[in-house]
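Handing you a structure now.
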Amino acid sequence: MVETKAAWKRIVARALAAHAAGKGMAEAGSGSLPGPDGVVLERPPKSELGDLGFPMFPYAKIMRAAPAQLASALAALIKGDPEAEGLGTASAEGPYLNVRLSRASLTATTLAAAASPSWGSVSGLAGKKVMVEFSSPNTNKPLHLGHLRNNVLGESLSRILSKAGAEVRKINHINDRGVHICKSMLAYQAYGEGRSPADEGLKGDHFVGKYYVLFNKLKEEDPSAEEKAQGMLLKWEQGDPEVRELWQKMKGWVLEGIKVTYARTGIAFDLYDFESDTYELGADAVREGLVKGVFYKEEDGSVWGNFEDIGLDRKVFLRKDGTSLYITQDIGTAIERHKAWPYDRLIYVVGNEQQYHFKVLFETLKRLGYDWAKDLHHLAYGMVNLPSGRMKTREGTVVDADDLVDEVAALAAKEIEDKGREDAVGDSGAVSERIALGALHYYLLQTSPIKDMLYDTAQSLSFTGDTGPYIQYMGARASSILRKHAAGEGNAVKGKASPDLLASDADWSVLKRVAELPEAVQAAADSMEPSVLAAYLHDLAADFSSWYRDNPVLNNPDPDLAASRLELVRAVKRSFEVASALVCVPFLETM
RNA sequence: GCGUUCGUAGCUCAGCUGGAUAGAGCGACGGACUUCGAAUCCGUAGGUCGCAGGUUCGACUCCUGUCGGACGCACCA
């Protein structure tokens, strides 16, 4: 499809040039005539109007002709173009030049492409190294709904970029130090009595999270708790063995628990960075920058950067005692990462409340003279709010990730039971789990990342309509048809497939949708928006759904048509598999 | 106060680099299961695209202003 579109842009550009020459304005107008890349191509609103549409408005002024006249003139010229031969026919529809593609050839190439193992792969990012940092949890509590959005965004984006040809490296930057970590440790010392997660039958992350919450209780009982937390942080920094040991132990518990959640939801990383290893990085770079005049020193010895010239504020980079801050560390890690693996792009999947931080960070690296600073990108995503408002730890309104998956999976299991499909699906528990992930991931990726989103329980738990399970269901229906055929049912076994037979409007619209997959992948990669693929899946599912209802495949009386449509079903299924994987929606043969 | 960002149907969201009557899902109403699984399909109702200007042959899309919401502007991360 991509090639076809490119070909038609060439044809139209050529026709425009020929028309201009014919009017004797080769010299006068040639400068303003568009090349193939400059030709505007769109999709007609109704399929009856054609497969491709070229609006003629932009050329009307240059050519000194009405758009409608141009369209007719070009349509006539294209009739004689050898390249257009066999590709399709052009006709004028008012001010638009529309093209009807020759169905058989595109059908043949699309079905063949969809059968290949690399279906959906594109080469837009071939040879590029892209690093994606995401998730980055704290080691004092379990993951919540907000992390789920971050995780699926990062994972999906990574899969998409790699499908677009990039070499992707996924990094998890673990926040394992700081006062907040010490708080859970203090509370554990006060109330833990040496127990382990196993003793309480809890996942490690939930276990530690419990003590983090208990710190509030400790504060009430001991007014100096906050100070003690600060004191503990100091001890940690000094390498106090007792503090370090407890820290290691509790951090281990949390990571163990969080990794279970990652495994369960299909999230994986190539590399774990620990803030405890990196928090002192960057100080040298700042000191060098101070010499170069990028920063300045206050009288108290603290080091600052001034960004007022670009509409930002001033910012501290080194405390008066010379120690690093969050931003200093990020400078250091970006430099280290680039040294270790010279990336063409580094994407930070981090909440939009840190937009300011990243602006300053990127500007600082630029001022420090790193030309790759332009390759840094903050993929800011909005908060997940509840109908009742923002999630708040203190008010206990945080939606726990594990609990949520459990809840949705239980609902899916009930759905399977209600429909009496336990026998058909086999392992009902495993299927429920995959349906739950499909529902949650699709729900979280549907909305474009930048926007805050509302987590509506009822809506996200719904399996009907524009949902993950709807996508999975259509994939399962396609699988079901193929399965029956493989078992010898239906007329397709007696027939011979031929692309020419898939010429009806109904077949054609499904085929076109299938053919669009590579473009959707490329668009998603370019815009860094998995939601593009979520939308593609929905369109594919909706097209397929109405198509198979009215167009019998196996039951078709004509064996050749049955066999041909079966090939279309195969291509649809492949597209479901490929696109679903890219948005972390598990594909199901049956559900 | 300054900065960033969002504002599309009752609700939740799409709308590609500006282009042909603004699209889905939920909810409402009405239809379709002796036919490849009804977690489905078909139809009806519902929008001055926050508001006001501007650029353009053409603006939901770009620019300015304005109103409303969110977030940020720590020697926290």
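In the text below, chain A, chain B and the rest are named by the order of the sequence lines, each starting its count at 1. Side chains included, hydrogens not; waters and symmetry mates left out as well; all remaining heavy atoms used.
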I'd like to check the salt bridge (charged side-chain N to carboxylate O under 4.0 Å, His left out) partners of A:E237; sequence neighbours left out, ordered by chain and number. A:R177
Among the candidates B:C71, B:A77, B:C73, find the nucleotide nearest to the side-chain atoms of A:Q354. B:A77
Quick one: what's the B/S/- string for nucleotides 33-38 of chain B, heavy-atom cutoff under 4.0 Å, read 5' to 3'? --SBBB
Does one side chain, of A:R483 or A:S479, offer a donor that lies under 3.5 Å from an acceptor on the other? no
Find which nucleotide of RNA chain B each of A:E415 and A:K359 is nearest to by heavy atoms, and output the residue with the more 5' nucleotide. A:K359
Would you measure the distance from the C1' atom in B:G18 across to the matching atom in B:C33 and give it in whole Å? 46 Å
How long is the line joining NZ of A:K315 and P of B:G72, in whole Å? 13 Å
A:M591 CE to A:S480 OG distance, which is reported to the nearest 0.5 Å: 12.5 Å
Between P on B:A74 and CD on A:Q230, what's the gap in Å once rounded to a whole number? 18 Å
Separation of B:A74 P from A:F317 CZ (nearest whole Å): 13 Å
Taking the same atom, C1', in B:U64 and in B:C71, what whole-Å distance lies between them? 24 Å
Expressed in whole Å, how much space separates the C1' atoms belonging to B:C26 and B:G72? 34 Å
Inter-nucleotide P distance (B:C29, B:G68), Å rounded: 38 Å
Indicate whether any N or O donor in one side chain lies under 3.5 Å from an N or O acceptor in the other, for A:Q329 and A:T278. yes
Not counting sequence neighbours, list each pair that qualifies as a salt bridge (charged side-chain N to carboxylate O under 4.0 Å, His left out) and has a residue in residues 430-452 of chain A. A:R264-A:E433
Quantified in whole Å, what is the P atom distance between nucleotide B:C60 and nucleotide B:C16? 12 Å
Write out all pairs satisfying salt bridge (charged side-chain N to carboxylate O under 4.0 Å, His left out) with one or both partners inside residues 553-565 of chain A, taking only residues at least two apart or from two chains. A:D507-A:R565
CG of A:N306 to CG of A:D313: how many Å apart, nearest 0.5 Å? 8.5 Å
Relative to each other, are the rings of A:Y296 and A:W304 parallel, tilted or perpendicular (30° and 60° limits)? parallel
Without decimals, in angstroms, what is the distance between A:I471 CD1 and B:U40 P? 11 Å
Without decimals, in angstroms, what is the distance between A:L70 CG and B:C57 C1'? 13 Å
Just to be sure I understand the rule, does A:I416 reach a base, reach only the sugar-phosphate, or reach nothing, if contact means heavy atoms closer than 4.0 Å? base
Expected string for nucleotides 7-26 of chain B under the B/S/- scheme (protein heavy atoms, under 4.0 Å, primed atoms plus P, OP1, OP2 as sugar-phosphate) is S----SSS--B-BBB--SSS
Could you check if the base of B:C51 is syn or anti? Syn means the glycosidic torsion is within 90 degrees of 0. anti
To the nearest 0.5 Å, how far apart are CG in A:L70 and CE in A:M63? 5.5 Å
Relative to the 5' end of RNA chain B, which residue comes earlier, A:H180 or A:I435, by the nucleotide with the nearest heavy atom? A:I435
Which residues pass the ring pair (Phe, Tyr, Trp, His ring centres under 6.0 Å) test with A:Y455, not counting sequence neighbours? A:Y443
Whole Å only: how far is the CZ atom of A:F358 from the P atom of B:U5? 16 Å
Would you call the rings of A:Y96 and A:F57 parallel, tilted or perpendicular, taking 30° and 60° as the class edges? perpendicular
Any idea how A:F358 and A:F362 line up, ring-wise: parallel (<30°), tilted (30 to 60°), or perpendicular (>60°)? tilted
Would you mind classifying the nucleic acid contact of A:Y326 as base, sugar-phosphate or nothing, using non-hydrogen atoms under 4.0 angstrom? base
Separation of the C1' atoms in B:A70 and B:G30, to the nearest angstrom: 41 Å
From CD1 of A:I327 across to C1' of B:G72 the rounded distance in Å is 13 Å
In whole Å, what separates the P atom of B:A45 from that of B:A24? 13 Å
Restricting both atoms to N or O, compile the protein contacts to nucleotides 43-49 of chain B shorter than 3.5 Å, with distance only.
none

Who pairs with A:K141 by side chain to side chain contact (heavy atoms under 4.5 Å, CB included), at least two apart in sequence or on another chain? A:N138, A:Y212
How long is the line joining CD of A:Q355 and P of B:C73, in whole Å? 12 Å
Nucleotide nearest A:R390 when distance is taken to its side chain, options B:C41, B:C71, B:A39: B:C71
Among all residues two or more places apart in sequence or in another chain, which pass the ring pair (Phe, Tyr, Trp, His ring centres under 6.0 Å) test with A:F295? A:F317
Pairs satisfying salt bridge (charged side-chain N to carboxylate O under 4.0 Å, His left out), at least one member in residues 411-421 of chain A, at least two apart: A:K414-A:D418, A:E415-A:K419
What dot-bracket string describes RNA chain B from 5' to 3', counting Watson-Crick and G-U wobble pairs whose defining distances are under 3.5 Å, with [ ] for crossing pairs and | for pairs to another strand? (((((((..((((.....[...)))).(((((.......))))).....(((((..]....))))))))))))....
Does anything in residues 466-477 of chain A pair up under salt bridge (charged side-chain N to carboxylate O under 4.0 Å, His left out), and if so which pairs, sequence neighbours excluded? none
Using the C1' atoms only, state how far B:U40 lies from B:G25, rounded to an integer number of Å. 14 Å
